[in-house]
Amino acid sequence: MPDPRFLAATLADAVAGSRTIAVGTNSPIPAAAALLAQRRQPATVVSILGSTRHNPFTDGGRELFDFAAQGRLDSFFLGGGQIDGAGNVNLVQAGSTRFPGSYGSAYLMALVPNIVLFREEHSPRVLVPRVEFISAAGQPRRLVTGRAVFHFVEGRFVLVSAHPGESADGIVGGGSAGCVLAVRASQPDAAGKQPELFRSPTGVMADSSWRGQAAYDPGRITAPTLIIRGEWDELTPRAMSQSLFGQLRNAKLRTLTEIPRASHFIIAETGRDALFAEVQAFLARQR
Amino acid sequence: MTSKRSSLGELVAQIPDGALLAIPADYSGVAMAATFELIRQGKRGLRLVTAPTSGLQADLLIGAGLVAEVETAGIALGEYGAAERFRAAWAAGSMVIKDATCPALHAGFQAAEKGVPFLPLRGILGSDLLSARPDWKVIQNPLAESPDPIVLVPAIRPDVALFHVALADQHGNAWVGVRRELATLAHASARTLVTAEEIHPGNLLEDPLLAPGTLPHLYVDKVALAPRGTWPLGFLDQIPADDSALSRYAEAAKSPLRFAAILGEWLHA
């Protein structure tokens with residue numbers, strides 16, 4: 001099993017940027033993660049069930065749930081006796097095993113935007129094709145296990161990283177039948193192909209620079225946006241940056257900057273100090 | 001005003017066999033001393049409703065054979081492990097289990113305190129809890145033009161609420177502080193029985209700092225002094241949990257014989 005501190009740091013990444021994070025019953029590693037996220041970003045509000053020190057609520061047990069229904073709770077961690085490829089969680093029963101019960105999952109899964117599933121045990125009995133009881137219907141954002149991190153995209157889990165000492169092949173392939181079943185369950189048409197074919201996460205490849213069309217609509221971006229390119233960058237030519245700049249018509253602020261004598265790999269070149277300075281200056285202006 | 005002080009034995013004697021008994025979560029005020037007394041008095045056929053979860057208290061009552069039914073969002077011993085007597089009763093099919101989710105129980109008690117038959121609640125749609133709970137209904141939001149399904153959960157009106165507080169007075173006022181779910185439970189329940197860590201010499205409602213966190217005597221039937229009344233559970237930040245007792249229990253409860261042995265030891269302690 002990985003170091004619990006590593007898991008807490010990984011979970012803290014999964015809730016980065018949250019204004020409010022709540023942690024439910026008996027969840028020491030998520031609790032550590034929430035406090036780490038708060039250390040990184042001190043304005044973050046953290047509620048840990050059962051703690052009097054980390055409890056911002058004064059109106060009883062219901063207040064957290066009302067707070068979530070008001071749209072004020074950004075992140076929550078959920079575990080599960082079983083988790084399936086569709087993101088459903090089972091906290092009630094499986095075969096001859098009784099789990100404790102659904103707790104707040106049935107409700108919070110639907111009302112909290114950033115649901116992070118966490119279960120240290122990464123095994124076929126936990127990661128199943130279909131849960132035997134749906135405590136909470138699947139709309140999670142992330143799944144972190146003792147072996148890997150998955151993102152939940154368009155109704156399925158996508159492996160984004162394997163923990164140190166694990167290989168991605170080991171997780172999706174041989175050793176972890178449950179995960180393979182979960183992948184199969186998420187892509188019902190795969191088994192009909194000979195050999196089995198799976199879609200893999202290719203979001204980056206689908207992006208504009210390769211296909212000439214954006215996978216997203218830049219016109220919907222409203223945040224202040226900084227575009228930086230290197231003067232000698234042939235992979236993303238100036239016309240592409242200028243086109244993107246033009247499409248960012250709803251950004252509150254848009255800036256296009258060119259760093260002289262730099263290529264696409266500026267971060268490894270002497271121009272990197274200028275790159276960092278540009279980014280820092282841009283962020284400083286947003287404060 | 002007459003005194004509502006009573007002994008622990010008299011207080012527990014108020015709970016009839018078959019009562020719908022509301023008990024709080026481990027993070028609130030669990031009346032463990034009264035729970036041992038319930039077992040000593042040999043109550044039968046209790047229907048527990050947890051507000052909204054439970055741990056050792058429910059497991060002990062179930063293991064000792066007092067419970068016919070439990071409605072809960074979760075029963076476990078937290079860091080000490082699973083609630084083994086609860087699991088055994090489930091496996092044996094010897095008890096009715098009504099699975100719920102935390103906010104549905106909170107809302108059920110709130111409906112009762114408002115005197116309305118149900119409350120609507122967001123979320124839950126898509127959960128198998130809806131088929132497990134035919135008493136929860138899904139309706140179209142009657143105020144919306146477009147499709148907007150919403151869950152209705154029925155009011156929960158316990159016969160008795162039983163919990164422990166830091167401070168109570170002889171009039172029946174009980175200081176709950178930020179643990180307002182205890183006040184909601186009392187509002188929702190026909191009778192409320194309170195054990196207290198300490199008895200306040202005056203009237204809690206006359207102290208302007210304590211009054212806002214006080215459940216008034218209107219809702220409280222009996223108050224019994226029970227120092228360290230949540231043992232072996234902890235109590236808020238004042239009393240830590242008894243780790244060795246809870247670890248021993250979690251292990252012992254895996255077998256009916258060893259459960260009976262530790263229960264016997266605790267009942268006569």
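Chain A is the first sequence line, chain B the second, and so forth, proteins listed ahead of strands; every chain is numbered from 1. Here the structure is a predicted model, which means the values were calculated and not measured.
Listed options A/Ala69, A/Ala68, A/Pro28, A/Ser96 were ranked by heavy-atom pairs under 4.5 angstrom with chain B; first place goes to A/Ser96. In terms of heavy-atom pairs under 4.5 angstrom with chain B, the leader among A/Leu108, A/Leu91, A/Thr25, A/Leu49 is A/Leu49. Chain B forms more heavy-atom pairs under 4.5 Å with one residue of A/Gly61, A/Ser102, A/Gly50 than with any other, namely A/Gly61. Among the candidates B/Gly78, B/Ala76, B/Pro24, the residue making the largest number of heavy-atom pairs closer than 4.5 Å to chain A is B/Gly78. The most heavy-atom pairs under 4.5 Å with chain B, out of A/Gly104, A/Ala110, A/Ser105, come from A/Gly104. Comparing B/Asp128, B/Leu182, B/Val178 by heavy-atom pairs within less than 4.5 Å of chain A, the highest count is held by B/Asp128. For the set B/Pro103, B/Cys102, B/Ala100, the entry with the most heavy-atom pairs within less than 4.5 Å of chain A is B/Pro103. Top candidate by heavy-atom pairs under 4.5 Å with chain B, chosen from A/Val92, A/Asn55, A/Thr58, A/Val89, is A/Thr58. When the candidates B/Gly123, B/Ala83, B/Gly74 are compared by the number of heavy-atom contacts under 4.5 Å with chain A, B/Gly74 comes out ahead.
A salt bridge links B/Arg133 to B/Glu71: one of the charged nitrogens lies within less than 4.0 Å of a carboxylate oxygen. No salt bridge links B/Arg85 with B/Asp59; every basic N to acidic carboxylate O contact stays at or beyond 4.0 Å. A salt bridge is defined here as a Lys NZ or Arg NE, NH1 or NH2 lying under 4.0 Å from an Asp or Glu carboxylate O, and B/Asp148 with B/Arg122 meets this definition. Between A/Arg98 and B/Asp99 there is a salt bridge, since at least one side-chain N of the basic residue sits less than 4.0 Å from a carboxylate O of the acidic one.
Neither the backbone nor the side chain of B/Ala51 comes within contact range of chain A; no heavy atoms are under 4.5 Å apart. With a threshold of 4.5 angstrom between heavy atoms, B/Phe109 does not approach chain A through any atom at all. Using a 4.5 Å cut-off between heavy atoms, B/Leu125 touches chain A through its backbone atoms (N, CA, C, O) alone. Heavy atoms closer than 4.5 Å to chain A are found nowhere in B/Ser131, neither backbone nor side chain.
Among the candidates B/Val70, B/Leu56, B/Ile97, B/Thr53, the single residue satisfying the side chain to side chain contact (heavy atoms under 4.5 Å, CB included) test with B/Ile75 is B/Val70.
Aromatic ring orientation, B/Tyr219 versus B/His187: tilted (interplanar angle from 30° to 60°). Between B/His106 and A/Phe65, the angle of the ring planes lies from 30° to 60°, which puts this pair in the tilted group.
No donor-acceptor pair closer than 3.5 Å links the side chain of B/Ser28 to the backbone N or O of B/Arg179.
For the residue pair A/Glu132/A/Gln82, the side-chain donor-acceptor check at 3.5 Å is satisfied.
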